[in-house]
Amino acid sequence: MKIAMLGSGNVATFLSKALIQAGHPVTQVWSRNQENAIELALEIGSDSITNISSILADTDIVIIAVNDDGIENVAAQ
């Protein structure tokens with residue numbers, strides 16, 4: 001199962017690490033702040049992406065882990 005994480009804050013970091021520990025790789029990380037996406041991606045061994053449209057076609061699950069104010073905008077993309 002391939003997972004893309006949208007967000008790079010505390011919730012995204014915790015979920016990513018828990019998923020990886022359970023054997024489910026988080027293959028891509030996106031964040032509004034590219035530096036944060038790169039930092040989390042390096043920490044968990046995944047790729048950072050600059051655009052949500054860059055999510056791989058074979059991704060099984062996309063998790064939106066952004067602040068409440070950003071959910072609608074991210075989901076619309």
Side-chain angles (χ1 to χ4, degrees):
M1 175 168 50
K2 292 184 181 178
I3 301 168
M5 183 65 63
L6 306 184
S8 60
N10 291 333
V11 172
T13 299
F14 177 81
L15 280 175
S16 295
K17 290 178 179 180
L19 287 163
I20 291 166
Q21 188 172 23
H24 307 293
V26 175
T27 57
Q28 295 178 299
V29 176
W30 171 89
S31 177
R32 290 178 292 163
N33 181 320
Q34 183 60 23
E35 290 178 21
N36 292 346
I38 292 169
E39 184 178 321
L40 178 56
L42 287 172
E43 187 174 341
I44 63 171
S46 70
D47 295 323
S48 65
I49 57 174
T50 57
N51 294 307
I52 292 175
S53 62
S54 298
I55 294 171
L56 297 172
D58 63 346
T59 298
D60 299 302
I61 296 174
V62 177
I63 297 175
I64 299 174
V66 299
N67 65 32
D68 291 347
D69 295 335
I71 293 172
E72 185 176 346
N73 182 28
V74 171
Q77 293 183 47

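It should be emphasised that the depicted structure is a prediction, and the values quoted were computed from it without experimental measurement.
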Check: Is there a side-chain contact between V66 and I71 (heavy atoms, below 4.5 Å)?
Finding: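 When only atoms from C-beta onward are counted, I71 and V66 do touch, with a gap below 4.5 Å.
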Checklist line | N10 atom CG: more than 12 heavy-atom contacts under 6.0 Å | finding: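 No.
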Item checked: Considering all heavy atoms, the nearest A41-S48 contact ->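 Minimum heavy-atom separation between A41 and S48: CB-N, 3.7 Å.
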Margin query: With a 3.5 Å distance limit and no angle check, can you tell me whether Q28 reaches the backbone of T59 through a side-chain donor-acceptor pair?
Written below: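 Not confirmed, Q28 side chain does not pair with T59 backbone.
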Check: Is there a donor-acceptor contact under 3.5 Å from the side chain of N67 to the main chain of G70?
Finding: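 Indeed, once roles are kept as given, a pair shorter than 3.5 Å links the two residues.
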Next item on the list: Using side-chain hydrogen bond (donor to acceptor under 3.5 Å, both in side chains) as the criterion, list what pairs up with S8, not counting sequence neighbours.
Entry: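 So S8 forms a side-chain hydrogen bond (donor to acceptor under 3.5 Å, both in side chains) with S31.
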Item checked: For Q77, side-chain hydrogen bond (donor to acceptor under 3.5 Å, both in side chains) partners two or more places apart ->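 Counting only residues at least two positions away or on another chain, Q77 forms no side-chain hydrogen bond (donor to acceptor under 3.5 Å, both in side chains).
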Check: Which distance, rounded to the nearest 0.5 Å, do you find between the CD1 of I49 and the CG of L56?
Finding: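 It is 7.5 Å, given to the nearest 0.5 Å.
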Next item on the list: Nearest 0.5 Å please: distance from the CD1 atom of I64 over to the CD1 atom of I52.
Entry: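 I64 CD1 to I52 CD1: 7.5 Å, rounded to 0.5 Å.
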Next item on the list: Hydrophobic side-chain clustering at under 4.5 Å (ILVMFWY, transitive links): who's grouped with V29? Put none if nobody.
Entry: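 For the cluster that includes V29, the remaining residues are M1, I3, M5, V11, L15, L19, I20, V26, L40, I44, I61, I63.
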Next item on the list: Kindly give the cluster partners of I38, where membership spreads through any ILVMFWY side chain lying under 4.5 Å from a current member.
Entry: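 Same cluster as I38: L42.
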Item checked: salt bridge (Lys or Arg N to Asp or Glu O under 4.0 Å) involving D58 - partner list, sequence neighbours excluded ->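 Salt bridge (Lys or Arg N to Asp or Glu O under 4.0 Å) list for D58, sorted by chain: K2.
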Item checked: Residues in salt bridge (Lys or Arg N to Asp or Glu O under 4.0 Å) contact with E43, at least two apart in sequence or another chain ->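 Salt bridge (Lys or Arg N to Asp or Glu O under 4.0 Å) list for E43, sorted by chain: K17.
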